[in-house]
*Asks:* 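Handing you this structure, nothing more for now.
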Amino acid sequence: MSDPAVRSVTVGPRPGKAEIDGLLPVPRLIVHGDDADLAAVLLRLLRRDALATEVAYLPVSRRSRAAANWGVPTRFDDAVALARSGTAREMPLVRDDNGGVLAGRGEIPDLYGEAYCDATRVLHGRVRMLVVDAGPEGVHVQAGRGVTGTTGRAIQIGTTGATPVRDGVAHPREIKRWAWYRHTEPWWPVLPD
């Protein structure tokens, strides 16, 4: 992006307070990185009470779950064009009860326990993998062996012990309970029409 009207700041992976707070307030942030980088920026906007900031996403991988879930192009030139001239729309922000944000995909491998998405029991027993996507409808539980697929406001999980993975990054410790849910305030992604 060589447009002189676009201010470019390079930060490391998983930018936090030191990198993001100095950029705010701005009308639109363009995040060029992976899904975990996007989630880190959204988490910082949440903590700064700046979720009204428009967020455009330039995924570094064509396999980006966040890009697929939100309909963002993965071809760089197309993503840049959308980031510059696309329209931001109010969408549900998915977060978890351990202080994180889910931009694309959450996974819990080797899960033994029980999970409910709203009032629907989606699993009971042992499954190889529970997969939850964040998207325009809130949380989407993918159907799989032993897992009932559904979409809803929240998923609550109880387990004998498991390690959730948010946007490709494993939680630092094993958990017994976990929830992904729609936050009370939306975020404003730049999306195709």
*Asks:* Of all residues at least two apart in sequence or in a different chain, which pass the side chain to side chain contact (heavy atoms under 4.5 Å, CB included) check with Ala170?
*Replies:* Thr163, Val165
*Asks:* Which residue pairs pass the salt bridge (charged side-chain N to carboxylate O under 4.0 Å, His left out) test with at least one member in residues 146-168, sequence neighbours excluded?
*Replies:* Asp96-Arg166
*Asks:* Could you work out the complete set of other residues in the hydrophobic cluster of Tyr112, with links drawn between I, L, V, M, F, W and Y side chains under 4.5 Å apart?
*Replies:* none
*Asks:* What residues form a side-chain hydrogen bond (donor to acceptor under 3.5 Å, both in side chains) with Asn98, not counting sequence neighbours?
*Replies:* none
*Asks:* Taking Trp187 for its side chain and Pro92 for its backbone only, find out whether a donor-acceptor pair lies under 3.5 Å.
*Replies:* yes
*Asks:* Taking side-chain hydrogen bond (donor to acceptor under 3.5 Å, both in side chains) as the test, write out the residues that go with Tyr116, two or more places apart.
*Replies:* none
*Asks:* Only pairs at least two apart or in different chains count here, so list each salt bridge (charged side-chain N to carboxylate O under 4.0 Å, His left out) that has a residue in residues 97-122.
*Replies:* Arg105-Asp133, Asp110-Arg126, Glu114-Arg121
*Asks:* Just to verify, what does Val127 make a side chain to side chain contact (heavy atoms under 4.5 Å, CB included) with, not counting sequence neighbours?
*Replies:* Leu111, Leu123, Val147
*Asks:* Linking directly or through intermediates, with side-chain heavy atoms under 4.5 Å: list the remaining ILVMFWY members grouped with Trp188, chain and number order.
*Replies:* none
*Asks:* Keeping to residues at least two apart or across chains, list the side chain to side chain donor-acceptor pair (under 3.5 Å) pairs with something in residues 20-42.
*Replies:* Arg14-Asp34, Arg14-Asp37, Asp21-Arg44, Arg28-Glu54, Asp35-Tyr57, Asp35-Ser64
*Asks:* Who are the side chain to side chain contact (heavy atoms under 4.5 Å, CB included) partners of Thr151, not counting sequence neighbours?
*Replies:* Glu137, His140
*Asks:* Suppose we screen for salt bridge (Lys or Arg N to Asp or Glu O under 4.0 Å). Which residues come up paired with Arg75, at least two apart in sequence or across chains?
*Replies:* Asp77, Asp78
*Asks:* Apart from Val169 itself, which Ile, Leu, Val, Met, Phe, Trp or Tyr residues share its cluster (side-chain heavy atoms under 4.5 Å, direct or through members)?
*Replies:* none
